[in-house]
Amino acid sequence: MKRVLVANRGEIAVRVIRACHELGLEAVAVYSTADREGAWLRLADRAVCIGPPAARDSYLSHGNVIGAAETTGCDALHPGYGFLSESPQFVRTCEDNDIVFIGPTADSMEVLGDKSLAKAAMRTAGMPLVPGSEGRLASVDQARSVAGEVGYPVLLKAASGGGGRGMRPVADPSELESAYATATAEAQAAFGDGGLYLEKIVVDAHHVEVQVVGDGEGGALVVGERECSVQRRHQKLLEESPSPFLSEAARTQLYDAALGAVRSTKYRNAGTIECLLGADQSFYFMEMNTRLQVEHPVSEQVTGIDLVRAQLQLAMGKGLPQQGIAPARGHAIEFRINAEDPSRGFMPSPGPLRRFRPPLGRGVRVDTHGYEGYTVPPNYDSLVAKLIVSDDDRDAALARAGQALAEFEVEGISTTIPLFREMVTSEPLFRSGVYTTAYLEEAAGRLSSLSA
C-alpha cells in the first residue's frame, strides 16, 4: 500500500491525510466545485475534482470517486465517515477495481449496517436487545401489533442509515399510522430504503457507545466507551470518555459484551457498538456503525491509540495494536463546533469565517478544516471543528474546556460555542454528569443560549 485516496471532505479528510503521511503513505484528496478552497487540498500530495456541489454528483458518485483513484494510481481508499463509508456496494466496486477499502468487509456492512439484521447477529452474540420487532416491519398493522406487545412509547427507526433520519417517536396508538408513513418516506428519501423496525423507548435513557476494532479473524480490541447523550434531533453534539454515568461493574459487562460481539461476527477494522442504558444501568444494543465515528478522538485521548493509524495498518496487514481492553487514563470531552445557531433551533449558519482562532495549550486538541477567510458552504454537514480537551479527571477536563471555549474565537457565522460555554461553566445537570438523552429539553429553561 503506497497511495491512498481520501474519499471525503472537511476535518476528517485532514485527519486521514495526516495519518497517511505519518505512515509514509501518499494521500490524494478529492473535492467538489463547492470545496475548491478546502484546507485538506493543500495538505494532500494531489487533489482531484470529482464533480459539482451536490453530493450525489461528487462525494457519493461511485464512478467519480473510483475514477479519481484510478487516474492517480491509488491502491487503497479511506472513506472517512458519512458519504460512502457504509456502502457495501461501494466496497465491492473498490474490490472489482483492485483498490483496498480501508474499513469493514461488504458482508459485514450488509449485516451490521442493516439495523434489523444487526439485531439478529447481536442476539446470537449474546448482546442484550431493546424489546421490539424481530426484523423489518412488513406493514403498519405489524407495527401496531408489536407496539401493543412491548408497550408505548415506541420508536420507529429506519432499517438503513442513521443521523436521526427516518426516526419517529410514537407516544400512543393514535399517532402510529401517521408516524409510520412519515418515517417510511424519510428513510426512502435519505437512504433509498424505506424499511423500518420498531423499538420500545427506554425512559431516562443514556446513549453510550463502545469503540471497537477487529482484525476480521476473531481478534478484538475495545478502545473505551463514550457518553453521547447530549443530542439535538437525535444527532450528537458532545461526547465524553469515560461515561460519567457508568459504574465499573456496568462498564465491565458492556466491554465483555462488545468483545464477544466483535469476535462472534469476525468484524474487521474500526466500528462502534451503540447502546441505550436505562436508569438502572441495564444496557441494550441499539445499532452498530461500521465505520470511524466523528467522535473517535475522545477515545484516542484517553487510551493513546491512534484509531486512523490502526485502520491503515490493518489494511496493510499489520494486525491490531493490541487485543482485549485498552487501558485508559484520564477524561476527554469533544465539542462539535457546528455552523449552527442554537438560539434559533440550531438553524444552519454557513458563510465566511472572518475570524477563526482556535485555542491552544496542553490537553487541547482541535480537528478542523476551518481557517480565516474560508467560507463554510451550505451544501454539506455543518461541522467546522472539533474541540477535544483532556485532563486527569472530569472536573479538571471541564475546567480546561471552559478555558478553551472562552479562547475559541469565531466571527462571521453562528456556532455552538456559546451553548457549550454555558453548559460547562454553569449548567448544573451537565456538570453533574448524570444527564440523559433528554438533556437539552430538560435544561432549555436554564440555558440562555437556547432561547430565541
Side-chain angles (χ1 to χ4, degrees), residues 10-12 14-15 18 38-40 42-43 226-227 230 232 236-241 244 294-302 329-344 346 348-376 381-433 435 439-440 443 446-451:
E11 64 85 19
I12 191 58
V14 172
R15 171 79 178 88
R18 285 176 171 156
W40 63 99
R42 298 195 297 269
L43 295 175
R226 301 183 286 256
E227 175 75 50
V230 178
R232 55 102 172 92
K236 303 163 190 170
L237 284 175
L238 176 154
E239 301 89 3
E240 55 182 314
S241 183
V294 176
E295 59 272 22
H296 73 273
V298 291
S299 298
E300 295 182 327
Q301 295 303 111
V302 295
R329 178 184 177 279
H331 197 94
I333 310 172
E334 175 179 294
F335 302 87
R336 299 193 189 192
I337 311 304
N338 295 337
E340 297 173 346
D341 188 347
S343 71
R344 302 178 67 191
F346 294 94
S349 179
L353 295 176
R354 292 198 296 270
R355 185 174 183 84
F356 188 77
R357 300 290 172 87
L360 301 170
R362 186 174 71 87
V364 176
R365 168 178 167 180
V366 178
D367 287 13
T368 186
H369 60 289
Y371 58 87
E372 287 189 9
Y374 174 66
T375 297
V376 179
D381 183 89
S382 62
L383 183 68
V384 176
K386 300 185 308 199
L387 168 65
I388 308 99
V389 298
S390 54
D391 212 316
D392 292 338
D393 55 37
R394 188 171 190 265
D395 286 343
L398 285 172
R400 176 157 286 161
Q403 183 66 34
L405 288 162
E407 294 177 8
F408 207 139
E409 300 179 34
V410 181
E411 295 179 7
I413 63 171
S414 297
T415 73
T416 47
I417 291 174
L419 170 63
F420 294 141
R421 285 174 180 161
E422 195 173 4
M423 285 171 57
V424 303
T425 58
S426 61
E427 205 295 299
L429 185 57
F430 176 73
R431 289 187 61 85
S432 74
Y435 56 89
Y439 169 73
L440 284 184
R446 298 188 298 272
L447 291 167
S448 61
S449 51
L450 285 180
S451 59

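From a predicted model like this one, the values you see are computed outputs, not experimental measurements. We're numbering straight along the sequence, starting at 1.
Using modelled atom types, one finds a donor on one side chain and an acceptor on the other under 3.5 Å when comparing Y439 with E427. For the residue pair R226 / S299, a side-chain donor-acceptor distance below 3.5 Å is found, with atom types taken as modelled.
Comment: K386 engages E11 in a salt bridge, judged by a side-chain N to carboxylate O separation of less than 4.0 angstrom.
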Worksheet item: Given V376 and L353, is the side-chain contact (heavy atoms from CB on, under 4.5 Å) satisfied, shown in steps?
Response: CA-CA 7 Å; V376 179; L353 295 176; 4.2 Å; yes
Discussion item. Before you tell me yes or no, could you show the steps for Y374 and T368 under side-chain contact (heavy atoms from CB on, under 4.5 Å), namely the whole-Å CA-CA distance, both residues' side-chain angles and the distance that decides it to 0.1 Å?
Written reply: CA-CA 12 Å; Y374 174 66; T368 186; over 6 Å; no
Discussion item. side-chain contact (heavy atoms from CB on, under 4.5 Å) for R336 and L238? Distances and angles first, verdict last.
Written reply: CA-CA 6 Å; R336 299 193 189 192; L238 176 154; over 6 Å; no
Item to complete: Could you go through the side-chain hydrogen bond (donor to acceptor under 3.5 Å, both in side chains) check for E340 and S349 one step at a time?
Response: CA-CA 5 Å; E340 297 173 346; S349 179; over 6 Å; no
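Put simply, CD on E295 and CD on E239 are 4.0 Å apart, with the number rounded to the nearest 0.5 Å. With values rounded to the nearest 0.5 angstrom, L237 atom CG is found 11.0 Å from F335 atom CZ. In this structure, the separation between OG1 on T416 and CD1 on I337 is 4.5 Å, given to the nearest 0.5 Å. Residue L398 holds its CG atom at 5.5 Å from CZ of F430, rounded to the nearest 0.5 Å. The structure places CZ of F420 at 12.0 Å from CD of E422, a figure rounded to the nearest 0.5 Å. S449 contributes atom OG, which lies 10.0 Å from atom CG of D341 (distance to the nearest 0.5 angstrom).
Sorted by first and then second residue, the ring pair (Phe, Tyr, Trp, His ring centres under 6.0 Å) pairs involving residues 394-416 (not counting sequence neighbours) are F356-F408.
Contact annotation: the side chain of P359 approaches that of V366 to within less than 4.5 Å [non-hydrogen atoms, C-beta and beyond]. For the pair R344/L450, no side-chain contact is recorded, criterion being any heavy-atom separation below 4.5 Å from C-beta on. At least one side-chain heavy atom of R400 sits under 4.5 Å from a side-chain heavy atom of V389. Annotation: side chain of D367 is not in contact with side chain of V14 (no heavy-atom distance under 4.5 Å). Proximity of L387 to L405: side-chain heavy atoms (C-beta onward) are separated by under 4.5 Å at one or more points. The shortest distance between side-chain heavy atoms of T415 and P418 falls below 4.5 Å. Between V410 and I417, the closest side-chain pair of non-hydrogen atoms falls below 4.5 Å. Between V384 and N338 the shortest side-chain heavy-atom distance does not fall below 4.5 Å.
Side-chain atoms of R354 never come within 3.5 Å of backbone atoms of E411 as a donor-acceptor pair (strictly under, hydrogens ignored). The closest donor-acceptor contact from the side chain of R431 to the backbone of V424 lies under 3.5 Å.
Partners of P244 by side chain to side chain contact (heavy atoms under 4.5 Å, CB included), not counting sequence neighbours, listed by chain and number: E227, E240, R394. Applying the salt bridge (charged side-chain N to carboxylate O under 4.0 Å, His left out) test to E334 and every residue at least two apart in sequence or in another chain returns nothing. Residues forming a salt bridge (charged side-chain N to carboxylate O under 4.0 Å, His left out) with E407 (at least two apart in sequence, or on another chain): none. Every side chain to side chain contact (heavy atoms under 4.5 Å, CB included) that A397 has, sequence neighbours left out, goes to H331, I333, D391. By the side chain to side chain contact (heavy atoms under 4.5 Å, CB included) test, S390 is found to be paired with Q301, A332, residues two or more places apart in sequence or in another chain being considered.
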